[in-house]
Structures are given as structure tokens and as C-alpha cells.
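So the structure is just underneath, and the comments pick up after that.
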Amino acid sequence: MKKPIIGIAGDIFIENKVPVIGCEYDYFKNNYAEAIINGGGIPIYIPVVYDISILMDQLSICDGLLVPGGQDINPLMYGEEPKPLLQSTIPKVDKFQILLIKYALSSNKPILTICRGTQILNVALGGTLYQDISYAVNNPIQHNQLTELCNVSHSIEINKTSLLYKLFGEYLLVNSAHHQCINKLGTGLSISALAPDGIVEGIESKNNKFVVGVQWHPEMLLGNESNMIPLFQKFIEATNFV
Ligand code: MN
């Protein structure tokens with residue numbers, strides 16, 4: 001039987017060194033592909049494009065969409081001015097990923113979002129971000145761990161009514177590599193997990209069959225103490241091909 005095809009939303013790396021300065025490289029971290037294969041799917045990459053009809057055709061061959069981690073999101077996307085701790089952004093990647101998410105939602109394709117992917121899912125649905133965690137809470141825990149991401153770093157508490165709870169129960173140890181976080185929730189989204197300092201670590205949509213966002217990096221925790229393969233399996237099962 002054919003395995004589900006999972007599109008990984010594109011990102012761009014703009015080279016800043018001669019002799020190829022200004023070149024825009026498609027930028028994909030292989031760990032996402034490995035995680036999709038572990039979950040039973042076939043990963044493909046969706047390069048950043050600006051033509052909506054091509055974007056829709058790209059998505060039409062995918063059974064599900066994974067939106068990966070990446071750079072900061074331009075705050076103009078959610079109607080805010082930049083604050084001093086904002087890091088670099090690529091607005092055309094933001095626009096592409098927001099369109100991709102909107103079309104995936106309208107065609108009810110399962111969506112798994114990770115780190116920045118979860119933040120842009122929230123923005124795509126009208127939500128906002130804190131441009132740095134220090135703007136969100138006074139005494140945050142460390143969310144940019146200094147150990148390798150294959151190690152867990154902090155705990156989260158999971159909402160009992162969430163899909164995440166069915167997979168992992170009430171408490172989970174996760175890794176952490178983010179300096180921004182969710183502020184106002186987008187339409188139809190609910191919080192599925194919180195860190196001990198109150199930072200949002202998971203969101204879900206109840207309006208779709210599988211729209212799950214996590215703030216940590218499950219693709220870096222395959223098969224170790226917080227085994228994240230069930231999350232990828234559940235995502236890929238939701239495509240109804242298996
Ligand atoms: Mn965190």
C-alpha cells in the first residue's frame with residue numbers, strides 16, 4: 001500500500017559570503033525527513049514559491065503538511081512593530097508558509113508544526129507572538145538549551161483534553177530551542193501544553209482532524225528518553241492512508 005506523502009514546508013537560507021552572496025538556498029534540516037520516515041510516511045520538500053496556483057498544486061500531491069523550525073517571524077505579519085530583541089526574519093518565507101498553512105487547513109490536510117512552525121500556524125490563524133520570551137514572563141526558565149537537542153531540557157504539563165495527552169500523558173520532558181513564544185491565540189486554537197514558567201509549549205485546533213503544534217523539537221528526540229515517534233505516527237495515521 002502506498003505510504004502517505006508528507007510535504008515539508010520550505011525555508012530559505014540567504015548566503016552572505018562572496019562569491020555567491022545573495023544566493024537563496026532551499027534550506028531543509030534532514031532530521032524532519034528522518035522523523036517522517038520513522039512515523040511511516042514519505043517526506044518530500046516543498047520549495048518556497050510565490051505563485052499561489054503553483055503552491056496549491058504542490059500541496060495537492062501531499063497527504064499532510066509539516067511546518068518546521070526556523071527564523072523569527074516578521075512582527076508586521078501580526079500587526080506589531082519590531083522590538084529590540086527581535087532576530088532576523090525573511091518575510092517572503094513567512095508569506096509562503098502562511099499561505100501553505102491556510103490551503104492545508106481549507107483542504108483539511110493533517111498539519112504538524114514544530115517550533116517556529118507552531119508560531120507561524122498561530123499567526124496564520126490571526127494570533128500574535130512575544131518577540132522574545134523576556135517580554136512574556138519575568139522569570140523564565142531556559143528555553144534555549146546549551147546541550148545538544150537530542151537531550152531533554154525542561155518539563156511541560158499537558159492539558160488532559162488534548163491529543164498530546166493521549167500520546168504522552170500529563171507530564172513530558174522536552175528539548176527547547178526558542179526565544180519567541182505564543183502570545184494571543186489564533187482562531188480555533190487551544191493551548192495543549194505549558195512549561196513551568198507559563199510559556200506555551202503546545203497548541204491544537206479542534207476544528208480540524210489533526211492540527212497539532214509543538215514548541216519543542218520532537219524530530220531531535222527519536223527513540224530516546226522522551227520518544228517522539230508516536231507523535232509522527234499519529235500525524236501520519238491522520239492522513240487516512242494507513
Ligand atoms: Mn521551551
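Every number for a ligand or one of its atoms is a count from 1 in the order of the listing. This structure is a prediction, so every number in the text was calculated from the model and none was measured.
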query = Quick one: angle H154 NE2 - the Mn ion (ligand 1) - S176 OG, to the nearest 10°?
reply =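 With the Mn ion (ligand 1) as the vertex, NE2 (H154) and OG (S176) sit 90° apart.
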query = Do I114 and L66 come within less than 4.5 Å of each other through their side chains, counting heavy atoms only?
reply =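 Yes, side chains in contact.
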inquiry  = A side-chain contact here means heavy atoms from C-beta on lying under 4.5 Å apart; do R116 and D94 qualify?
reply    =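 Counting from C-beta outward, R116 and D94 do come under 4.5 Å.
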ask   = Within a radius of less than 6.0 Å around NZ of K206, do more than 12 heavy atoms belonging to other residues, nucleotides or ligands occur?
value =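 For K206, atom NZ is crowded (more than 12 foreign heavy atoms under 6.0 Å).
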request  = Using a strict 4.0 Å threshold on nitrogen-to-oxygen distance, state whether K29 and E34 make a salt bridge.
outcome  =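 No, no charged N to carboxylate O under 4.0 Å.
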Metal site the Mn ion (ligand 1): N/O/S of S153 inside 2.8 Å =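 Not a single backbone or side-chain N, O or S atom of S153 is under 2.8 Å from the Mn ion (ligand 1).
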Specify which N/O/S atom of [X] comes nearest to the Mn ion (ligand 1), by atom name.
| X | answer |
| --- | --- |
| H178 | NE2 |
| H143 | ND1 |
| E201 | OE2 |

request  = Using side chain to side chain contact (heavy atoms under 4.5 Å, CB included) as the criterion, point out the one residue from T113, L100, V211 that pairs with L65.
outcome  =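 Only one of T113, L100, V211 forms a side chain to side chain contact (heavy atoms under 4.5 Å, CB included) with L65, namely L100.
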